[in-house]
Amino acid sequence: MSEVVKLAVTGHCAVITIDAPPVNALSAAVRRGILENVMAANADSAVQAIVIACAGRTFIAGADITEFGKPPQPPALNEVIEAIEGCAKPVIAAIHGTALGGGLELALGCHFRVAVADAKHGLPEVKLGLVPGAGGTQRLPRAVGPEFGVKMIVSGEPISASEALEHGLIDEIVEGPADGAIAFAKKVVAEQRPLRLLRNDDSKLVAARADRSLFTAAAAAATKKNRGVNAPLACAEAVSWTLDTPFDDALKKERETFLRLVNDDQSKAQRHAFFAEREAVKVRGLPKGVKPRPVERVAIVGAGTMGGGIAMSFANAGIPVTLIETGEAQLTRGLAMMQKSWEATAARGGIAPDEPAKRMALIDGKIGLDNVRDADLVIEAVFETMAIKKEVFTAIDAHAKLGAVLATNTSYLDINEIAAVTERPQDVLGMHFFSPANVMKLCEVVRAERTAPDALLTATTMANRIRKTPVVVGVCHGFVGNRMLAVRGLQGEALLKSGALPDQVDAVLTRFGLPMGLFAMGDLAGLDIGWRSRQDRGLRWDIADAICESGRLGQKTSKGYYRYEPGSRAPIPDPEVEKLIDETCKRLGLTRRAIGDQEILERMIYPMINEGARILEENIAARPGDIDVIWLYGYGWPVHRGGPMFYADLVGLKTIVERLEFYARSLNEPALKPTALLARLAREGSSFASLNAARTAG
Ligand code: T1G
């Protein structure tokens, strides 16, 4: 008898219940248990209908992703689904929580589907670099039509129960999943409803079969922005088989496609990202039993772009915020920016029309730092200079309640130094959000030397509560993300001196899959930020400084590394910049040369990987996967490439070490020499994945 799947017969209805926490994933044991119990119920003459339900928080949330890449264990999911579909008695799926992937595919093999009102239904395989591999590409379009089906499968986004009912994915919305399903089953039996096998129901395919353009337009719309990513196109192609390929043949092709993709590096990268994100939020090294402090109200100091975005993130999660500024004008401007942003989202249908007012009501605008007094968590987001941060933290320390967690949103500065101006360094830490703070998922939670464990846990818990991805990092200049970004920026400057131009470097990075190139991003953020930071630290970057000294500060001055037409953000290569680069290099006695794209890619990415290894050596990040998560969610690293450290394993650490040694020598740049950790892993034929496994929370 199965440990994870139970059968109970009440009246003439068999209820098969899957109980495999945390998400009832379709492990081999679950598949076996379902098959055994479906066969038993089907063979039991007293049973007139079969309900498949789940215990715990959700219906089956998919195949067990931890089994991928291992030898498949019988029974295959397709076999289980075909047994359900072939039952002589009605089989009803009782959906609650999230019916995803193989879970929804199993429900699609049932003759009927009912769901509770807040259930979600989706085929998110594309987010793992896959196609649905158990008939989803063929059954879902037969339930909802190929145009809506291709949109669901290519986006991977779940739909609500009401949408599922509207599109014919489910038959009824019920109160309690199992009880509702039993009641529905009794109706089906009483009415002697014919069993609906989606494999035999082509009624929703007729229109698109008659006019294929209906489908091709939907497929084109769904796949338009997936450059260089395999799964979305494969998903669209698989759905197209509903129009011209017999069901069983299409199922075979779907399986072949799935097996091809599951062994593809892109899917391995996306599965790595899935688990790395879940690993990163587990804070290592905390004493047993430590609990987060309660947080009812948050105070944000500073209503600028970052402060406003952070305040929005908390209000989005329904948490009251005191937004503090020093002057009325700044406060009014900050509140207006938030109101405008929410209204724009509501206008796009992103939130309900009454949400902007509800969320604004959660924001209490105040003048004066004494207003931090009621907050359990204070987040400072003021000007990025140490003097101002210290002044603000001295005032916060004087007014904040005992036990409040005091966080700074600094991007670079030394939090130990900030903590030292307070009487409570144990309550001080960093919460480094990424702009735009109400959109970007990443929050680097910076653990200072004296940060108390429960203060740290409070910050990561609150980041999770506002749907951010918190990654705990240590104190150093730039923590993890910006420290690696600075290394890339230095190489960008060096590449211009070697002979590349901004648009060539940026094109290599955007073709790699990054949302923006290095120089275009500098123009967007403002080149004076880096310029001031270099001046603070007595550093000179000849070309970057010459660009700034000529008044080219980026988009805000309509010119930086590029020029910009009035009202446009599109970067246009500017001969003036090429001239300035040439003049600077001549003045330095440098001879520029043609640079190949491969050299640009290597000199952009490999030094970042090297810096990531250095960060791991210094324990500024706990795991290589944490660094990947930081780059995936803070800088838009393409998820189908898994993150810088995952990508390093794909390239091979030995190759990276050899190339770094070559550039260190040929460019006479000792800083490019491989770090000890990277050299050791390469020498041992090891990988960051092995380091990840060794450092993953027990
Ligand atoms: N397999 C294995 N473990 C899983 C899992 C899965 N499908 N989904 C979640 N987990 C683990 C997760 O690692 C974490 O573990 C715990 O469950 C809680 O997850 C044949 C081939 C369901 C919306 O892509 O989207 O079906 O860290 O922290 O925020 O065509 O999990 O606690 O040890 O995310 O409440 C398709 C993936 C698979 C769904 C719940 N399905 N999961 O979110 O909890 S491919 C998916 C999710 C497939 C078929 C194909 C979310 C969730 P730990 P969590 P959550």
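Whatever order the structure lists them in is the order used to number ligands and atoms, beginning at 1.
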Lys204, NZ atom: more than 12 neighbouring heavy atoms under 6.0 Å |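 Atom NZ in Lys204 is packed in, count exceeds 12.
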Are the aromatic rings of Phe112 and Phe184 close, with centres under 6.0 Å apart?
->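 That pair passes the under 6.0 Å test.
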Run the ring-centre check on Phe646 versus His272 and record whether the distance is less than 6.0 Å.
->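 Ring centroids of Phe646 and His272 are less than 6.0 Å from each other.
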Do NZ/NE/NH1/NH2 and the carboxylate oxygens of [X] and [Y] come within less than 4.0 Å?
X: Lys127; Y: Glu157; result: yes
X: Asp202; Y: Arg142; result: yes
X: Glu85; Y: Arg139; result: yes
X: Asp628; Y: Arg623; result: no
X: Arg293; Y: Asp454; result: yes
X: Lys358; Y: Glu355; result: yes

Measuring from [atom], which candidate in [options] has the nearest non-hydrogen atom?
atom: atom 24 (O) of ligand 1; options: Leu100, Leu128, Thr137; value: Leu128
atom: atom 50 (C) of ligand 1; options: Glu125, Glu279, Gln270; value: Glu125
atom: atom 5 (C) of ligand 1; options: Ile60, Leu130, Val23; value: Val23

Pick one of side chain, backbone, both or neither for how Ala63 approaches ligand 1, counting any non-hydrogen atom pair under 4.0 Å.
->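 Near ligand 1, Ala63 shows its backbone as well as its side chain.
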Would you mind telling me if ligand 1 is within reach of the side chain of Ala61, the backbone, both or neither, using heavy atoms under 4.0 Å?
->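 It is both backbone and side chain that touch ligand 1.
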Please assess Arg196 against Asp201 for the test salt bridge (charged side-chain N to carboxylate O under 4.0 Å, His left out), listing each intermediate value before the final yes or no.
-> CA-CA 8 Å; Arg196 184 184 179 208; Asp201 181 353; 3.0 Å; yes
Of all the atoms in ligand 1, which lie at a distance below 4.0 Å from a heavy atom belonging to [X]?
X: Gly62; answer: 26 (O), 41 (N)
X: Phe258; answer: 21 (C)
X: Pro22; answer: 16 (C), 17 (O)
X: Phe68; answer: 21 (C), 45 (S)
X: Gly102; answer: 26 (O), 48 (C), 49 (C)
X: Pro132; answer: 30 (O)
X: Asp64; answer: 1 (N), 2 (C)
X: Pro124; answer: 24 (O), 41 (N), 46 (C)

Answer yes if a protein heavy atom lies under 4.0 Å from atom 29 (O) of ligand 1, otherwise answer no.
->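 Not a single protein heavy atom is under 4.0 Å away.
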Heavy-atom protein contact below 4.0 Å for atom 52 (C) of ligand 1 =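 There is no protein heavy atom less than 4.0 Å from atom 52 (C) of ligand 1.
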Would you check whether Gly133 has a nitrogen or oxygen atom less than 3.5 angstrom from a nitrogen or oxygen atom of ligand 1?
->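 Yes: some nitrogen or oxygen of Gly133 is under 3.5 Å from one in ligand 1.
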Looking at ligand 1, does any of its N/O atoms fall within less than 3.5 Å of an N/O of Arg57?
->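 Right, the criterion is met.
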At what distance is the nearest protein heavy atom to [atom], and which residue and atom is it?
atom: atom 1 (N) of ligand 1; value: Ile65 N, 3.0 Å
atom: atom 20 (C) of ligand 1; value: Glu105 OE1, 3.5 Å
atom: atom 27 (O) of ligand 1; value: Lys282 NZ, 2.9 Å
atom: atom 12 (C) of ligand 1; value: Arg278 CD, 3.7 Å
atom: atom 47 (C) of ligand 1; value: Phe274 CE1, 4.0 Å

Going by heavy atoms, is Gly136 under 4.0 Å from ligand 1?
->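 Judged by the 4.0 Å heavy-atom criterion, Gly136 does not count as contacting ligand 1.
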Lys120 heavy atom under 4.0 Å from ligand 1 |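 False for this residue.
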Just one of Arg255, Lys253, Arg199 clears the salt bridge (Lys or Arg N to Asp or Glu O under 4.0 Å) bar with Asp248, so which one?
->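 So the option named by the test is Arg199.
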side-chain hydrogen bond (donor to acceptor under 3.5 Å, both in side chains) with Tyr633: which of Lys441, Lys468, Glu277?
->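 The option that passes is Glu277.
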Keeping the roles fixed (side chain from Asp249, backbone from Thr245), state whether a donor-acceptor pair exists under 3.5 Å.
->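 No; judged by distance alone, with no hydrogens or angles, the pair does not exist.
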Quick one: sort the Tyr635 and Trp631 rings into parallel, tilted or perpendicular, breaks at 30° and 60°.
->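 If you compare the ring of Tyr635 with that of Trp631, the planes turn out parallel.
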